[in-house]
Every structure is written in C-alpha cells, then in structure tokens.
Amino acid sequence: MRFSKLFGKTLRQAPAEAESVSHQLLLRAGMIAQEAAGIYSYLPLGWRVLRNIENIIREEMDKAGGQELMLPVLQPFELWQQSGRYASFGKSLFTLTDRKEHTLALGPTHEEVITDLVHRYVQSYRELPLLLYQIQTKLRDEPRPRGGLLRVREFIMKDLYSFDADEAGLDESYQSMCQAYRNIYTRLDLPALIVEADSGAIGGKDSHEFMVLTEGGEDEVIYCSNCGYAANADKAQFVKTVEPVIRSQSPDSSEGEAKNLPPLEEIATPETKTIEEVASFVGVPTNQTLKAVFYFIDGEFIFVIIRGDLEVNETKLRNALKCSELRLATEGEVNEAGLIAGFASPIGIKGIKTVADDSITSGFNFIVGANKPRYHFRNANYPRDFQVDLIADIALAQPGDSCPRCRGKLSSARGIEVGHVFKLGTFISERFGASFLDSDGKSRPIIMGCYGIGLGRLLAAIVEQSHDDKGIIWPLSVAPYQVYLCPLHLDKSAVLPTAERIYQELQKEGLEVLFDDRDDSPGVKFNDADLLGIPLRLTLSPRTLQSQSVEAKWRTEKEAQLLPVENLAAEVKKLLDENVSFQS
RNA sequence: CGGGGUGUGGCGCAGUGGUUAGCGCGCAUGGUUUGGGACCAUGAGGUCGGAGGUUCAAAUCCUCUCACCCCGACCA
C-alpha cells in the first residue's frame with residue numbers, strides 16, 4: 001500500500017473526547033473513527049488489524065474442532081421471551097418493530113438463535129459434542145459506552161457454543177476452549193490472566209474471564225500472588241477472618257450455645273453516626289460490630305446485615321436474591337420503613353425481608369444498633385437475638401483480605417476483560433427443548449457452554465498494553481503491515497526508483513508493505529511510522545545507498561542494522577520469520 | 001439513571017455583548033528545504049451543537065433541548 005493513497009490521516013493531537021490511551025492512539029493513527037457514542041468505523045489500517053485478529057481466532061477455533069457458521073443479527077423477539085432473558089438483558093436489548101408491527105431484537109448474543117437451531121438439527125448423542133461458532137456484529141444498548149473500543153454498543157464478537165451430552169463432556173469442551181483462548185492470547189502477545197467470574201446476564205454456573213491487567217481497565221481483579229487464585233472483584237471470595245479478640249469471647253468448646261453467651265445489653269452511644277465512630281466509642285474493632293445497609297430490590301425494601309468491617313458486594317447480593325434491579329434505598333425510604341439509619345439492626349424488626357452476610361456467624365457478641373436513636377446493643381448473637389431470611393456470602397473482597405485458598409494476602413488490579421467463558425448448563429436448552437436421546441434411548445437436555453471474545457476490545461487491549469510515547473507497538477502477528485518502507489529525499493539520486501523496486505520485490509516475497517511514498521521530511525515519516533506501530537521499518541536514503549544498503553529497524557528497538565539492497569526481500573523475510581517464531 | 005464537564009473550519013484551541021469570528025496544525029498552489037513533526041508566499045475552508053428569548057446589537061446573557069466525554073450505577 002502506498003501511504004499517499006491510504007485513506008485515513010494521522011493526527012498530531014488526539015481529539016478531545018479521547019481519554020484512554022488506546023482510544024487516543026487509534027484515533028491519532030487513523031485506524032478508527034467515531035460515529036456516535038460506542039459506535040465506530042474501522043478505517044483501512046484498523047480493519048486490517050481486526051481481520052488479522054479475526055484470522056488468529058478462527059484458526060484456533062477450527063483447531064479446537066469448532067465449525068464456523070453465520071447467524072442473524074435480526075432475531076424474533078419471541079426467542080428472547082422463550083429463554084426469559086429479555087428480562088435479564090433488560091434495556092441493553094435493542095428492539096425494533098417491522099412493518100407488520102412485529103417486534104424484533106438486534107442480537108446482543110446468539111444463544112437463543114443457536115439453541116433453536118440445534119434443537120431442530122440434533123437428536124442423538126451420536127451428534128455430540130458439537131462446537132459451533134460465529135464471528136459477527138452484536139448490538140447491545142450499553143448504559144455507558146466508554147474508552148473508545150473498550151466498551152461499545154456495536155461490536156464484532158466471536159462466540160462459540162458447545163453442546164455436550166454430559167457434564168464430563170462439558171468440562172472437556174470448557175477446558176479445550178480455555179486452551180484455545182490461551183493460544184490466542186499468546187499469538188497476540190497479550191498476557192491474559194484467567195480469573196473466576198460472575199456470569200451476569202448470560203446466566204449459568206461456572207464462568208471465567210480472561211483479563212489483561214492494565215491501569216486503564218474497567219474491571220477489578222482480586223488475586224493472590226502466593227497461590228495464584230484470581231477472581232473478578234464481583235465474584236472474589238475471601239476468608240472472613242475471625243480475630244482472636246472475638247474468638248476469646250466465645251465460650252471455647254461449646255461454640256455458640258446460647259446459654260453460655262452474655263445477655264443482650266443496651267448501651268448509650270450518642271453522637272455516633274458511622275460504624276467507625278461506634279466501634280471506637282465502645283472500644284472494639286469494627287469487625288466486632290454488625291452494620292445495616294438498605295436496598296430496594298425489584299421494588300422491595302430489603303434489610304441487609306453484614307459485619308462492620310466489610311462492604312456489600314452488590315453482584316453477590318443480586319445473585320443471592322436472584323433479582324434484576326437493585327439500588328441503595330434513600331434515607332427517606334429508610335425512615336419510611338420505620339428504621340433509624342445509624343442505629344438499625346434486625347433485632348425486634350418484623351415484616352422486612354432480611355439478608356445477612358455469612359460473616360455474622362464469624363464471631364460472637366457483636367455491637368449492633370438498638371433501633372432507637374443514640375443506642376446500640378452489646379452482645380448481639382445470631383441466631384439467639386435475631387433471625388434472617390437468607391444467609392449468604394454477599395461481602396466484597398478487598399486488597400489485604402485473606403485468600404480463600406491459601407490464606408495469603410489478596411491484592412487487586414485493574415483489568416480489561418478480553419474473553420469470557422461460561423458453563424451454561426441446561427437452562428437454555430431446556431427452554432428450547434434442545435434435547436437428545438442417549439445410548440439408552442432416554443431423552444436428556446443438551447448441556448451447553450458459551451465462549452466469547454470481543455475483537456475490537458481485544459484490539460484496544462493490545463494497544464493499551466503495547467505502546468510507548470511515540471505510538472502503538474503492534475505485535476507482528478496482527479500489525480496492519482509488517483514492513484514500513486521509508487525512503488528519504490525522494491528527489492535525490494536513485495532513492496525513489498530503488499524504493500519502488502524494493503517495494504515490488506518485498507511484495508513478490510509475500511510481505512505486507514506500507515510504502516511511505518510521500519514527499520515529506522524524515523521527521524514526519526519517522527513519527528508516523530512509530531505512531532502506526534508497524535514492526536519493521538526499512539529506511540533508505542542517499543546516505544544508505546552509498547553503501548548499497550538500507551537500514552532496518554524494529555519498532556521495539558532503538559538501534560538499526562544495515563542490510564544490503566542486493567537480495568533484500570529474502571533477507572527481510574528471514575528477519576520477519578525469525579521474529580514470528582520468537583513470538584509463538 | 002445520579003454527579004461533573006465540553007460543544008467555535010478536518011484536528012487542537014482563543015475569543016464573556018459592539019464593525020467582514022481569530023490562532024496553531026492539517027489542506028491547496030508555487031518556491032526553498034530534508035536522518036526525528038522545516039520555512040516563505042499566496043489561498044480555500046466555520047456563522048459559533050439546535051430552538052426560543054432578552055437587546056439597537058448575541059459565539060458571548062437567559063430558558064429549553066440535543067450530542068459527546070469523565071466518575072458512579074449498570075453491564076460482556
């Protein structure tokens with residue numbers, strides 16, 4: 001490709017709306033252009049990168065036994081009613097009405113369509129396992145698109161769906177997909193960490209995300225550097241350590257037997273608003289108190305109780321209650337419910353649904369609100385003094401907490417989710433009647449898994465973690481071009497004719513070349529070469545031609561080497577081949 | 001959806017009531033240049049997000065509205 005003919009223009013300054021590194025660089029390099037919030041065009045350079053990524057993914061999916069197909073973006077809304085997921089997707093599901101006033105959905109994902117399809121074509125265990133995938137545009141009406149390509153409303157995604165006869169088969173499919181994903185990230189030169197994840201609106205049981213840890217990431221990963229445990233903060237567990245102080249107050253052997261515990265005792269606690277104030281007023285650590293938090297969940301007022309030193313994890317709470325809408329109650333709503341913020345506890349409260357974190361069982365003799373202003377109770381114990389409707393792990397893991405596996409210290413980092421795999425189980429296949437006859441002639445629902453990768457986000461993630469102050473640094477495997485051919489002083493001696501000849505020869509050798517045939521100053525050309533991030537730059541000028549050579553420089557290196565013009569194409573190909581083998 | 005911010009040539013910005021709205025980059029033409037974003041000259045290009053209002057006069061003040069960005073909520 002001749003640079004002079006290339007559609008798209010490099011920018012010296014990034015458009016003001018771009019904040020994240022990848023967004024800025026991709027705009028400056030002329031690889032993408034924004035049309036609306038979360039809606040982008042890919043310009044020729046960006047599209048070349050995207051297609052390279054796509055091919056790598058396709059190769060790995062095929063290698064793992066996947067069969068590619070194409071599914072419709074426009075989907076009958078009935079499919080979404082049938083799966084019940086129109087509710088969990090909520091407003092994120094784009095819908096439209098056709099001329100016959102029939103509602104259609106714009107596919108945010110394709111489990112419904114594929115399961116409907118498989119239901120019609122698969123009848124026997126002999127046809128399983130089955131791995132089907134598509135790479136295509138998906139649409140989701142995101143509440144907040146952000147970070148350029150990091151979170152968008154229209155995006156190209158590879159989604160593979162596995163169909164198995166039994167749990168062991170699902171495990172196998174799941175493992176083989178995880179391996180395929182690892183291969184993909186390796187080939188993209190992207191260090192991705194596999195973490196335990198919540199399955200969100202997709203539903204299902206087990207789920208893992210692949211995360212690229214980088215400052216600009218929008219997810220939080222909790223991990224243990226001691227044993228390797230890693231989970232999305234939404235999902236992360238931790239040991240709710242019982243401090244010795246609390247332990248010492250428990251009646252040693254006969255843990256929790258009501259008769260041995262001291263009685264509830266009311267104490268005056270004036271001027272204490274927060275848990276910290278209460279704890280320090282009474283003279284105990286915050287983990288010896290219980291705090292109350294109030295939510296409105298699917299329209300119902302919910303009382304949540306959790307140990308004073310912990311925070312509520314709303315995702316866990318949502319899952320525990322199997323609800324969709326959740327928000328903190330306002331102070332007015334709390335008062336309306338007859339509770340006093342700052343002094344509330346479940347003791348003596350009736351008629352309000354109460355959910356407790358399991359940390360309430362991690363100790364004894366807690367300080368809790370007395371449900372009247374300026375008073376708390378001492379020695380509150382569950383279940384002696386109060387009951388709850390549900391006990392679950394609904395606490396947020398935070399850095400410094402103890403690892404659930406090895407009790408090591410947990411850390412946290414920001415990450416970009418570059419892949420998500422789910423063990424769906426049978427809940428969708430059951431809804432669609434997708435079942436098969438096993439070898440005993442018995443009908444059973446097909447067990448499903450799904451495995452998604454967003455291509456644009458992957459592209460952005462590569463930029464986020466592979467760039468410098470000059471621009472993007474593409475790995476050779478996805479770079480828009482492998483070689484940047486950069487002649488200087490086009491009007492001098494044999495520069496231009498030689499460059500033209502080299503350009504032809506490199507292409508004949510099968511190399512992808514961006515030929516900077518513009519009559520611009522060296523600075524402009526070098527800066528654009530760096531901004532575009534093309535792996536190998538070949539510079540020729542009257543100076544290098546004096547010794548019948550061109551200068552070869554890797555984007556990642558400072559120093560260049562001279563290569564003879566003679567037989568240059570073969571030599572360059574060798575260089576690139578060596579570098580590819582380095583990467584994989 | 002809550003909070004904050006921004007809308008002025010393709011991009012970055014200046015201009016807070018007073019004649020034909022400026023500057024840098026980019027673009028076009030000509031010339032001189034050229035190893036890390038050269039220079040000179042000439043030129044094209046905006047009616048100031050939109051609507052309404054106040055005023056003799058509005059990019060500038062007021063009201064409404066739209067769009068985009070950031071934080072949060074939510075979400076893959």
Side-chain angles (χ1 to χ4, degrees), chain A residues 8-20 23-24 27-28 30 33-39 85 88-93 108-111 138-148 150-153 155-159 197-204 207-211 216 218-219 232 234 295-296 314-315 318 324-328 330 415-422 450-458 469-471 486-492 495 518-531 537 539-545 550-551 553 558 560:
Chain A
K9 188 170 287 183
T10 57
L11 297 173
R12 220 176 267 214
Q13 284 159 307
E17 74 266 11
E19 182 109 339
S20 72
H23 194 192
Q24 291 191 357
L27 287 171
R28 282 189 53 209
Q34 184 174 33
E35 297 306 329
I39 300 175
R85 295 204 305 172
S88 48
F89 267 87
K91 286 184 174 166
S92 294
L93 185 67
T109 178
H110 287 73
E111 284 83 7
K138 314 237 171 179
L139 295 137
R140 295 183 190 178
D141 195 357
E142 285 293 328
R144 182 153 105 82
R146 53 186 293 203
L150 286 175
R151 172 163 238 96
V152 291
R153 294 192 292 172
F155 57 103
I156 299 172
M157 181 173 169
K158 185 285 301 175
D159 225 354
D198 181 68
S199 53
I202 298 285
S207 169
H208 288 87
E209 288 166 336
F210 290 84
M211 292 280 192
E218 55 176 343
D219 288 282
N232 190 307
D234 284 346
Y295 282 91
F296 247 92
E314 295 185 356
T315 301
R318 190 186 309 275
S324 59
E325 224 172 284
L326 175 153
R327 65 170 175 83
L328 276 170
T330 64
I416 300 171
E417 178 194 339
V418 291
H420 201 160
V421 296
F422 305 80
C450 75
Y451 316 84
I453 286 188
L455 276 67
R457 185 183 284 177
L458 208 46
D469 57 342
K470 288 288 192 183
C486 186
L488 305 178
H489 308 280
L490 297 187
D491 54 333
K492 296 280 170 59
V495 173
R518 300 173 302 170
D519 188 13
D520 272 308
S521 72
V524 170
K525 294 185 165 199
F526 289 157
N527 278 300
D528 276 345
D530 287 345
L531 177 59
R537 187 182 78 196
T539 307
L540 63 152
S541 67
R543 191 195 289 177
T544 67
L545 288 181
V550 306
E551 183 188 276
K553 181 188 159 306
K558 261 209 142 70

Nucleotide nearest [X] when distance is taken to its side chain, options [options]:
X        : options             : result
A/Glu209 : B/C69, B/A76, B/G35 : B/A76
A/Arg144 : B/C70, B/C74, B/G35 : B/C70
A/Pro143 : B/G36, B/C68, B/C74 : B/C74

Watson-Crick or G-U wobble mate for [N], both contacts under 3.5 Å:
N     : result
B/G52 : B/C62
B/U16 : none
B/C39 : B/G31
B/G26 : none
B/U6  : B/A67

Integer angstrom distance from the [atom1] of [N] to that of [M]:
N     : M     : atom1 : value
B/G30 : B/G24 : C1'   : 23 Å
B/A51 : B/A58 : P     : 14 Å
B/U6  : B/A14 : P     : 10 Å
B/G7  : B/U54 : C1'   : 23 Å

Practice item. Check whether any side-chain heavy atom of A/Glu417 lies under 4.5 Å from a side-chain heavy atom of A/Arg457, and answer yes or no. Key: yes

Check your understanding: So do the side chains of A/Asp141 and A/Arg153 get within less than 4.5 Å of each other, counting heavy atoms only?
Key -> yes

**Study point:** Near-parallel close stack of A/Phe155 and B/A76 base (under 5.5 Å, under 30°)
**Key:** yes

Review point. Would you say a side-chain N or O of A/Gln34 is under 4.0 Å from OP1 or OP2 of B/A67?
Key: no

Review point. Between B/C74 and A/Arg318, is there an OP1 or OP2 to side-chain N/O distance shorter than 4.0 Å?
Key: yes

**Study point:** Base B/G37 paired with A/Asp520 side chain (donor-acceptor, <3.5 Å)
**Key:** no

Check your understanding: Within the structure shown, what part of the strands sits under 4.0 Å from A/Ala18 by heavy-atom distance: base, sugar-phosphate, or nothing?
Key -> nothing

Exercise for review: Quick one: label A/Val418 by what it contacts on the DNA or RNA (base, sugar-phosphate, nothing), any heavy atom closer than 4.0 Å.
Suggested key: nothing

Review point. Among A/Leu458, A/Ile416, A/Val418, which residue meets the side chain to side chain contact (heavy atoms under 4.5 Å, CB included) test with A/Phe210?
Key: A/Val418

